[in-house]
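This report concerns only the one structure given below.
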Amino acid sequence: MITQHGLKLGINLISSYFGDIVAKVCECLLRKGTLSLGQIVRLTELSRENVKNSLLVLIQHNCVQAFTIQQEGGFQEETKIITQYMVLFDIIIHHMRFPKFLAIVSEDLGKECEEIFEGLLQHGRLSVNQILERHKQTSNQSEGNSQEAVQENFSRLVNARYVERCPAHQPFLAPLTEEETAAKKQGAKSAKTRRQMAEASETLEQRALAEAAPMESIRFLVESFAETKVDEQNSEEDPHSVTVGEKRKQGDLDLDIEDGTRKKKKEVLWRANFEEFVRHLRHKACIANVRTRFDDGAGIVLNAMLEATRSTETKVKMECSVPLSMNTIFEEVMKSEAGRSMTLERVRAALVQLGCHLPAIGIDETYSIDLKNIIELAQNEEVESIVLKRYGREAYRIFRLLSKAGHLLETDKISDTTFVDKKDASKILYKLWKDDYLHMEKIATYGGKQSQFLLWKVNKKSLWEHVLDEMYHAGLNLRLRTAYEQEQEKEILQIPREKLVGELAKRYKRLRKVRIVLESSLMKLDDAIMLFHDF
Amino acid sequence: MEMSKSLRYIIAVCGGEFIKFITAISIPSNSEYMRKFFFSIRMSQSQGTSTVKRKRQDSSPAQTPEQVLLSLIKSKGDMGIWIRDMKRETNLPENLVTKAVKSLLVQKLIKEVVNIQSKGRKHYMAAEFEPSKELTGGTWYVGGNLDMAFISVLKDSCLKIIRKMKVATLEGISDFFKRNKIITVECTTPQIAEILRSMVLDNEIIEVKSTGLGDYSSIPIGTVCYRCATGIGLGQGPKIGAMASTPCGVCPMISQCTPDGIISPKTCVYFTKWLDFDF
Ligand code: SF4
């Protein structure tokens with residue numbers, strides 16, 4: 001679900017990167033969901049040309065996925081194939097994280113890789129040839145950075161999974177077969193049918209994404225350079241043309257935007273593998289969290305374990321780390337410089353801190369860390385600190401009590417446990433409730449003297465959503481303020497640097513500092529957004 | 001006897017007022033019949049209506065209002081009673097109640113206590129009782145107010161003890177209090193448990209289960225114990241998250257703030273203050 005301010009932030013990002021027209025198309029898709037070209041034209045009242053180009057931009061930058069479906073015609077009507085466009089909200093928001101992604105690549109693989117990767121981020125999708133071309137133009141020829149070196153670095157990026165093959169341009173979603181539809185209806189019990197049922201109950205969008213994704217076996221496969229150039233390797237360019245088979249007849253399709261990309265289609269296109277970066281940042285967040293909660297040792301052990309199993313993780317939101325034996329863990333810990341000073345005993349103690357149960361005599365035991373729990377604790381901390389700063393110390397204590405309890409508590413009981421005066425407690429509870437931080441229930445009793453009791457609780461699911469929305473809102477505000485500050489000092493920015501003296505120099509310096517503060521705050525805030533949305 | 005029956009009815013309904021009224025009527029002394037008749041009424045009044053009008057009987061001249069009130073207050077035990085409820089339950093006029101209460105207070109037979117639920121109300125209790133938890137708000141209340149000074153002394157002491165012991169169980173901390181006579185007032189183990197619980201909520205200490213290793217070696221595995229965290233962020237109070245370090249994260253107006261509204265990030269004073277750098 002996209003929250004209201006998430007949507008606004010997304011539109012703001014698109015409008016500042018790609019202009020207002022593209023933003024308008026994007027907004028239409030964000031608000032209305034998946035649509036066809038015609039529908040977008042009607043809803044936005046933009047010209048067909050404008051919408052088409054906007055969609056091209058959005059597809060190029062991975063923010064929109066196109067797919068085609070077959071629409072049953074009515075009586076005596078032909079079945080039609082129509083192209084649909086779905087917006088990818090997460091990738092839109094990823095655009096403001098590009099500096100983070102770049103920093104990761106730079107730190108891990110060095111400057112050259114960073115440059116290549118930067119090109120991919122700027123252009124959304126590129127073929128190897130385009131990357132080489134771009135490198136020729138931008139780099140200093142005298143350095144003699146040969147093309148081989150670029151290819152080498154590109155391969156490193158792919159091997160590290162920072163770069164992947166783009167999803168299919170416009171996969172065709174075949175109508176559900178008789179069997180699948182039947183399975184859906186009957187609800188048969190065999191495992192196989194159940195799986196089919198699960199598939200059938202997926203949304204159209206989920207199916208489209210699954211269909212578009214390159215097969216795991218070739219997702220990170222770089223064919224030799226020569227091949228790319230000479231052989232257009234048609235069979236590999238779109239793996240799904242094979243799987244979809246005869247159903248897909250190129251000629252029949254309403255390939256609205258095919259023209260623009262037809263030339264490129266001959267080559268394999270690459271893009272940043274956003275999933276890998278989210279995974280990377282998730283790991284980092286987990287490690288940072290255990291480090292502050294326990295100590296460096298716990299951080300080092302968790303880091304080693306996650307590093308070793310990074311490529312075997314099947315999805316980003318892994319609930320537990322991939323199990324490893326004690327021997328492997330110890331070996332992995334020894335690989336890092338910081339870990340080399342740790343003894344086996346110390347590693348075992350760290351595992352205990354991280355929540356593993358170590359048997360007295362372990363043979364063939366494997367250990368895995370509850371990552372979901374770490375993320376949840378980090379989320380709690382984030383929300384608690386908002387409560388502390390916004391509502392004060394006593395509210396913080398009350399909120400933590402309710403959050404830990406996880407069920408309804410009565411006002412007096414809350415006041416007693418938290419040492420907050422009864423009257424104050426009521427006031428605080430009311431305020432938190434008014435701002436949607438608490439859930440309240442009234443219970444009336446008859447007969448007794450006090451006829452009404454108020455019960456309170458933290459409803460995590462809805463609160464987390466509310467907090468996430470506030471975070472998007474705060475992020476949007478930071479961006480709007482940055483733009484405003486820039487706008488205010490527009491004239492200064494137009495004056496050449498050397499002419500900036502006296503008062504002007506001061507203003508320039510101030511603006512720089514303001515931008516740094518605002519932008520770094522946004523990056524930090526984004527960590528929290530990811531904690532609630534992506535981890 | 002027809003008449004006597006209907007009269008009895010009137011008496012039952014109207015109560016004593018009617019009796020007073022008819023007793024006041026001068027009865028012709030020579031009328032034997034009338035004398036017998038009124039006698040029978042009086043008799044029936046004292047028997048027949050006794051259940052209906054018991055309270056009235058209690059306050060009959062045999063008992064002074066003071067006695068009535070005292071026994072009522074005593075009957076309420078450690079809950080005491082609000083002065084308005086006394087009036088309601090005894091049917092005594094206000095001035096009588098006030099007077100009686102005053103005199104009972106002077107005689108130290110009753111005392112005034114604070115009711116935490118409604119501090120403004122005058123609440124009384126027999127001298128021999130101690131106010132119940134419902135009235136006082138529990139052990140942590142003094143005179144109807146939370147005893148913050150006492151609580152913070154206890155908190156500080158607990159923190160020091162835990163720092164000293166590194167890892168401590170509730171019993172350990174409680175023993176430490178007793179052995180070293182840290183505070184002069186008595187403090188029970190459950191009270192210390194309450195203090196510890198609130199410190200955990202404040203994130204000043206953390207609650208852990210003993211692993212039986214290292215610092216925990218003297219504590220049986222699985223026992224709940226308290227420690228100041230060794231981690232970088234814990235035991236030093238709550239850490240401020242990313243959201244809470246931006247103005248909007250702590251802004252009370254966030255729900256009214258819109259890009260071009262009256263409250264907007266462009267005109268926002270919180271931002272202006274935040275970005276007010278000195279050069
Ligand atoms: S911009 Fe200002 S008024 Fe708006 S939410 Fe942020 S701090 Fe509050």
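The chains referred to below are lettered A, B, ... by the order of the sequence lines, with proteins before strands, and numbering in each begins at 1.
Interface residue Val514(A): backbone and side-chain heavy atoms are both found under 4.5 Å from chain B. For Lys209(B), no part lies near chain A; criterion is any non-hydrogen pair under 4.5 Å. Contact of Val290(A) with chain B is not made at all, since no heavy-atom distance falls under 4.5 Å. Neither the backbone nor the side chain of Ser152(B) comes within contact range of chain A; no heavy atoms are under 4.5 Å apart. Interface remark: Ser415(A) contributes side-chain atoms only to the contact with chain B (heavy atom separation under 4.5 Å). For Gln488(A), no part lies near chain B; criterion is any non-hydrogen pair under 4.5 Å. Both the backbone and the side chain of Cys257(B) come within contact range of chain A, with heavy atoms under 4.5 Å apart. Both the backbone and the side chain of Asp421(A) come within less than 4.5 Å of a heavy atom in chain B.
Scanning all heavy atoms of the two residues, the minimum distance from Ser198(B) to Thr417(A) falls at CB-O, 3.9 Å. Glu470(A) and Ile254(B) make their closest contact through OE2-CG2, 3.7 Å (heavy atoms, listed as atom of the first residue, atom of the second, distance).
No more than 12 heavy atoms of other residues, nucleotides or ligands shown are found within 6.0 angstrom of NZ on Lys284(A).
Neither side chain, Arg481(A) nor Ser264(B), offers a donor N or O lying under 3.5 Å from an acceptor on the other.
A distance of 9.0 Å separates CD in Glu487(A) from NZ in Lys266(B), rounded to the nearest 0.5 Å.
When side chains are defined from C-beta on, Lys404(A) counts as touching Val200(B), because their heavy atoms get closer than 4.5 Å.
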Exercise for the section: For side-chain contact (heavy atoms from CB on, under 4.5 Å), just list the numbers for Val517(A) and Leu275(B), CA-CA rounded to whole Å, side-chain angles, deciding distance to a tenth of an Å, and then say yes or no. Expected result: CA-CA 8 Å; Val517(A) 169; Leu275(B) 301 170; 4.0 Å; yes

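The pair Asp202(B)-Arg400(A) does not meet the salt-bridge criterion, since no charged nitrogen lies less than 4.0 angstrom from a carboxylate oxygen.
Under the 3.5 Å distance criterion, the side-chain polar atoms of Ser385(A) are matched with a main-chain donor or acceptor of Gly241(B).
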